Colleague: 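First, the structure itself, so that you have it in front of you.
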Amino acid sequence: MKSKKVNQIKKIYKKLYMFYGPQGWWPLMDCKNKGSNPTKKGSFMGYHPNNYDLPKTREQVYEVIVGTILTQNTSWTSAEKALLNLNELGAIKPEKLLKLDDDTLKKAIKPAGFMNQKAIYLREISRFFIDLKGKFPKRDELMAVRGVGNETADSILLYAYKQPKFVIDTYTKRIFAHLKLVDENIGYMELKELFESNLPGDVAVYQEYHALIVEHAKRYYRRKPYGVDDPLKNL
DNA sequence: AACCAGGACGTGA
DNA sequence: TCACGTCATGGT
């Protein structure tokens, strides 16, 4: 599936990295670089640019997973509030989260929206996580968990387990369709494979690229008309 | 005051 | 398979 778009995909990555630098995803509540990224205004959680060893502990892996659920169709600043509420309850551990009664759980995650759905999703993924017993999940296993779709599965694999899975989100499709590099009706898996086949299978690159796309989209593709003054048009 | 947010799921054609 | 409505809260 390689084509002349190969150059574009790599070229755009280099451009974005030049523009914004390393993004340090996935943010964690407690890490040594906490609060060190001034470009992430409104967020006080720990992005960790140039550190690709995180998450390290079992709890940090779980924290990333919880975050992927909470941020579904929700801004990170909102998801973050929910995450901190859970932390106050000592519930950034699957066993603890499962012990919360329904009202407590929903109240904690309320700022992230969709509290009824996400309460169920969090319980489901928590049981799944415990049953893993420290092993790595496979993509199809994750997809079988209620509340885990394509993007969440790839986010968990890439950011929690450091697997080379490219994460596609609405921004990705929006930007690349607007630049006329892909059809606007391209499917998730098709677009994902386009990126994966045209990039080296480097986890750090995958992590940065997706984060850079989100950062770029927030500046130029948040609202219609999309892509006004997008510097990527000057290749 | 609409519109959007680091989506997933259920439904009906 | 696929388009479409639904889910909830918070920020711009």
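Treat the numbers as computed from the prediction; the structure is a model and nothing was measured. Computation of the quantities below employed the complete heavy-atom set of this structure, encompassing side-chain atoms and omitting hydrogens, waters and symmetry-equivalent molecules. Here is the naming used below: chain letters follow the sequence lines, and residue numbers restart at 1 for every chain.
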Colleague: Taking atom P in both B/dA1 and C/dA8, what distance in whole Å separates the two?
Modeller: 24 Å
Colleague: Please give, in whole Å, the distance from B/dG7 C1' to A/His210 NE2?
Modeller: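 Value for this atom pair: 12 Å.
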Colleague: Check for a donor-acceptor pair, side chain of A/Ser197 on one end and backbone N or O of A/Glu193 on the other, with a separation under 3.5 Å.
Modeller: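 Such a contact is found between A/Ser197 side chain and A/Glu193 backbone.
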Colleague: Specify the separation, in whole Å, of atom NZ of A/Lys224 and atom P of B/dC3.
Modeller: 10 Å
Colleague: Would you mind telling me which of A/Leu83, A/Leu122, A/Val66 makes a side-chain contact (heavy atoms from CB on, under 4.5 Å) with A/Ile109?
Modeller: A/Leu122
Colleague: Is the closest side-chain donor-acceptor distance between A/Tyr62 and A/Ser126 under 3.5 Å?
Modeller: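 A/Ser126 and A/Tyr62 do have a side-chain donor-acceptor pair below 3.5 Å.
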Colleague: Using the 3.5 Å cut-off, write out each protein N or O paired with an N or O of nucleotides 10-13 of chain B and the distance between them.
Modeller:
residue	atom	partner	partner atom	Å
B/dG10	OP1	A/Arg146	NH1	2.5

Colleague: Does a side-chain N or O from A/Arg174 land closer than 4.0 Å to OP1 or OP2 of B/dC4, or not?
Modeller: no
Colleague: For the P atoms, the ones on B/dG6 and on C/dT12, what distance do you get once it is rounded to whole angstrom?
Modeller: 11 Å
Colleague: From CD of A/Glu151 over to P of B/dG7, roughly how many Å is that when rounded to an integer?
Modeller: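 Nearest whole value for this atom pair: 5 Å.
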Colleague: Can you check the A/Tyr159 OH to B/dG6 P distance for me, whole Å?
Modeller: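 After rounding, the reported distance stands at 13 Å.
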Colleague: Taking for each residue the nucleotide of DNA chain B with the nearest heavy atom, is it A/Val145 or A/Thr74 whose nucleotide lies nearer the 5' end?
Modeller: A/Thr74
Colleague: Choosing from B/dA8, B/dG6, B/dC4, which nucleotide comes nearest the side chain of A/Trp26?
Modeller: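 Of B/dA8, B/dG6, B/dC4, B/dG6 is nearest to the side chain of A/Trp26.
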Colleague: Would you please confirm or rule out a distance under 4.0 Å between OP1 or OP2 of B/dC4 and any side-chain N or O of A/Ser75?
Modeller: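 No, no such contact exists.
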Colleague: Any side-chain donor-acceptor pair under 3.5 Å between A/Lys10 and A/Asn198?
Modeller: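 A/Lys10 vs A/Asn198: no donor-acceptor pair found between side chains.
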Colleague: Taking CZ from A/Phe166 and P from B/dG6, how many angstroms apart are they, rounded to a whole number?
Modeller: 17 Å
Colleague: Less than 4.5 Å apart, side chain to side chain, heavy atoms only: is that true for A/Ile130 and A/Leu98?
Modeller: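 Result yes, sub-4.5 Å side-chain heavy-atom pair found.
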Colleague: Shoot me the first and last contacting nucleotide of DNA chain C against chain A, ordered 5' to 3', at under 4.0 angstrom to non-hydrogen atoms.
Modeller: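 It runs C/dC7 to C/dG11.
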Colleague: If we ignore hydrogens and angles and just use 3.5 Å, is the side chain of A/Lys173 paired with the main-chain N or O of A/Asp183 as donor and acceptor?
Modeller: no
Colleague: With nearest nucleotides of DNA chain C determined for A/Asn185 and A/Arg223 from heavy-atom distances, which residue corresponds to the more 5′ nucleotide?
Modeller: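 Checking each residue's closest nucleotide, the 5'-ward one belongs to A/Asn185.
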Colleague: Hey, does A/Gly149 reach any base, or is it just sugar-phosphate, or nothing, if we go heavy atoms under 4.0 Å?
Modeller: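 Here A/Gly149 touches the backbone only, sparing every base.
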Colleague: May I ask you to verify whether the side chain of A/Tyr221 and the base of B/dG6 hold a donor-acceptor pair under 3.5 Å?
Modeller: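 Such a pair does not exist between side chain and base.
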Colleague: Quick test of your reading of the model: are A/Glu95 and A/Arg58 salt-bridged, counting only N-O distances below 4.0 Å?
Modeller: yes
Colleague: In whole angstrom, what separates A/Asn73's CG from B/dC4's C1'?
Modeller: 8 Å
Colleague: Please work out whether the ring planes of A/Phe166 and A/Tyr206 are parallel, tilted or perpendicular, with thresholds of 30° and 60°.
Modeller: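 Rings of A/Phe166 and A/Tyr206: perpendicular, as their planes differ by over 60°.
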Colleague: Give one of base, sugar-phosphate or nothing for A/Val167, where a contact means two heavy atoms less than 4.0 Å apart.
Modeller: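 Result for A/Val167 = nothing.
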Colleague: Is the ring centre of A/Trp76 under 5.5 Å from the base ring centre of B/dG6, and are the two planes under 30° apart, so that they stack?
Modeller: yes
Colleague: Contact class for A/Thr68 (heavy atom, under 4.0 Å): base, sugar-phosphate, or nothing?
Modeller: nothing
Colleague: For A/Leu100 and A/Ala91, work out which heavy atoms get closest and say how close.
Modeller: CD1-CB, 3.7 Å
Colleague: Tell me whether the OP1 or OP2 atom of B/dA5 has a side-chain N or O from A/Thr71 closer than 4.0 Å.
Modeller: no
Colleague: Ignoring hydrogens and angles, state whether a donor on the side chain of A/Asp230 or A/His178 is under 3.5 Å from an acceptor on the partner side chain.
Modeller: no
Colleague: Would you confirm whether A/His210, through its side chain, and A/Ser155, through its main-chain N or O, come within 3.5 Å as a donor-acceptor pair?
Modeller: no
Colleague: Quick check on ring-ring contact (aromatic ring centres under 6.0 Å, His included): which of A/Phe195, A/Tyr171, A/Tyr13, A/Tyr221 does A/Phe176 satisfy it with?
Modeller: A/Phe195
Colleague: Whole angstrom is fine here: how far is it from NZ in A/Lys81 over to C1' in B/dA5?
Modeller: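 It is 12 Å, rounded to the nearest whole Å.
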Colleague: Heavy-atom contacts under 4.0 Å between residues 114-129 of chain A and DNA chain C, which residues?
Modeller: A/Phe114, A/Met115, A/Asn116, A/Gln117
Colleague: Would one find more than 12 heavy atoms of other residues, nucleotides or ligands at under 6.0 Å from atom NZ of A/Lys110?
Modeller: no
Colleague: Taking NZ from A/Lys173 and P from B/dG6, how many angstroms apart are they, rounded to a whole number?
Modeller: 17 Å
Colleague: What interatomic distance, in whole Å, is found between P of B/dC3 and the corresponding atom of C/dT6?
Modeller: 16 Å
